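Remember, it's a predicted structure, so these values are computed and weren't measured experimentally.
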Number of protein chains: 2
Amino acid sequence: MSETREAILAAARTRAQAHGYSGLNFRDLAAEVGIKSASIHYHFPTKADLGAALARRYWEDSAAELEALRGEFPDPASALRKYPEVFRKALANDNRMCMCGFMAAEYDDLPAAVKAEVKAFADVHVAWLAKVLSSADGRADADTAKERARAIFAAIGGAQLMARSRADIALFDAIVESYRRVGLLPG
Amino acid sequence: MSETREAILAAARTRAQAHGYSGLNFRDLAAEVGIKSASIHYHFPTKADLGAALARRYWEDSAAELEALRGEFPDPASALRKYPEVFRKALANDNRMCMCGFMAAEYDDLPAAVKAEVKAFADVHVAWLAKVLSSADGRADADTAKERARAIFAAIGGAQLMARSRADIALFDAIVESYRRVGLLPG
DNA sequence: ACCTGAACACCGTTCAAGT
DNA sequence: ACCTGAACACCGTTCAAGT
């Protein structure tokens, strides 16, 4: 609710998408928000608290975005076709990446509360993909859809990671096209 | 050549596979090697020098490993079938990941010299995959093989990242199986 | 309720000094 | 040739103090 708290979360999000959890630092963050480093601790007692709130907000927003996508494209095949766009946006925004993808790499150094939210992000995406896949193919059972959903989620995340490492969004597009050609994603 | 230098590189490798480039710190590294933090600078003037040497050694070793795999499995389909094992090993080693995959996420904070070596790592893998894919399928032209190679590299990297975020090597195996089922990887 | 300055132990880095 | 202690500006964190 607090405006400052929201400003901190917003600034931290773009920073974490570029520098990860370990790359977040209170002094730069505070400077961007217009307060002092020590003041952040009033809103988030520790960096772990900030990280957990940040990751939770991230998957909540992502869940809402996916639901909106589903609403905009009721046809399952169309929704699936648009799915990679969600990851593409981060790259288009100054070669940023999915915050939770970054945090997946940082797993060893993540506080337990942050780990849990990162897991929730993946769960949200896999659940959404599985649901859409199921409605696209009535024959597929739930386990098959979930397995396929995890493969898609992992593959798109990998494409984003590779494209980021070359700051080449066209590479992301090319890899997604390859996924479509091979049948991992609907054409 | 220097024994200390080699010990630094070896210790830095396992650390970077778990904590990334930003997670490397001279004091812990020095303690593991048995010298003082300041002494590392004799062998690597800056952290950027260490990072570049580390990433270069990493792709050189990886290239040798892939060539050995090719030698052990002259049949292209068998070599491709064994490829995911290279990434699986890192997860089996205390849930570590590909150092260059981690560094791909850290792209924004990487010195230019390190970025170049991370790119070289991807190039080595894509070139190897493209070569093996071409010999597996004589009809495929070079561009098609390279495109497919990039898709495989990205997808396997993504599977590793997702499995790491849950410390679940069985998830990696399951995703790889999905890739096989869909035809991204040979069965 | 919200913010701050000052202090703490930690980082990479430098450098003069050791052997 | 190789290593070290001490110092520097930087981190997250704490806390007493402000409004």
Item to check | Listed partners of B/Tyr107 passing ring pair (Phe, Tyr, Trp, His ring centres under 6.0 Å), at least two apart | outcome: none
Checklist entry - Can you list the residues that meet the ring pair (Phe, Tyr, Trp, His ring centres under 6.0 Å) rule with A/Phe102, with sequence neighbours excluded? => result none
Under a 4.0 Å N-O cut-off, is there an ion pair linking [X] with [Y]?
X: B/Arg27; Y: B/Glu32; result: no
X: B/Arg164; Y: A/Glu106; result: no
X: A/Glu177; Y: A/Arg180; result: yes
X: A/Glu117; Y: A/Arg57; result: no
X: A/Asp108; Y: B/Arg96; result: no

Item to check | Any side-chain heavy-atom pair of B/Leu129 and B/Leu80 under 4.5 Å | outcome: yes
Item to check | Side chain of A/Ile35 - closest among C/dC3, D/dC11, D/dT4 | outcome: C/dC3
Next on the checklist: Ring of B/Tyr21, cation from B/Lys47 - is the NZ or CZ under 6.0 Å from the centre and inside 45° of the axis?
Outcome noted: yes
Item to check | Between B/Ser135 and B/Arg70: side-chain donor-acceptor atoms closer than 3.5 Å | outcome: yes
Next on the checklist: For A/Ser62 and A/His125, which I'm curious about, is there any donor-acceptor pair between the side chains at under 3.5 Å?
Outcome noted: yes
Calculate the interatomic distance between [X] atom [atom1] and [N] atom [atom2]; express it in whole Å.
X: B/Glu3; N: D/dC3; atom1: CD; atom2: P; value: 10 Å
X: A/Arg27; N: D/dG12; atom1: CZ; atom2: P; value: 7 Å
X: A/Asp109; N: C/dC11; atom1: CG; atom2: C1'; value: 14 Å

Report, one pair per line, the protein and nucleotides 16-19 of chain C atoms (nitrogen or oxygen only) whose separation is under 3.5 Å.
none

Checklist entry - Between residues 36-49 of chain B and DNA chain C, which residues have a heavy-atom gap below 4.0 Å? => result B/Ser37, B/Ala38, B/His41, B/Thr46, B/Lys47
Item to check | Residues within residues 12-26 of chain A bordering DNA chain C, heavy-atom distance below 4.0 Å | outcome: none
Next on the checklist: I'd like to know whether B/Asp123 forms a salt bridge (Lys or Arg N to Asp or Glu O under 4.0 Å) with A/Arg166, so could you lay out the CA-CA distance, the side-chain angles of the two residues, the decisive distance to 0.1 Å, and finally the verdict.
Outcome noted: CA-CA 11 Å; B/Asp123 288 342; A/Arg166 313 181 94 103; 2.6 Å; yes
Checklist outcome for this item: Base-pair string, DNA chain C, Watson-Crick plus G-U, cut-off 3.5 Å on both distances, | for inter-strand, is ||.|||||...|||||.||
Checklist entry - In terms of heavy-atom contacts, does NZ of B/Lys115 have more than 12 from other residues, nucleotides or ligands at under 6.0 Å? => result yes
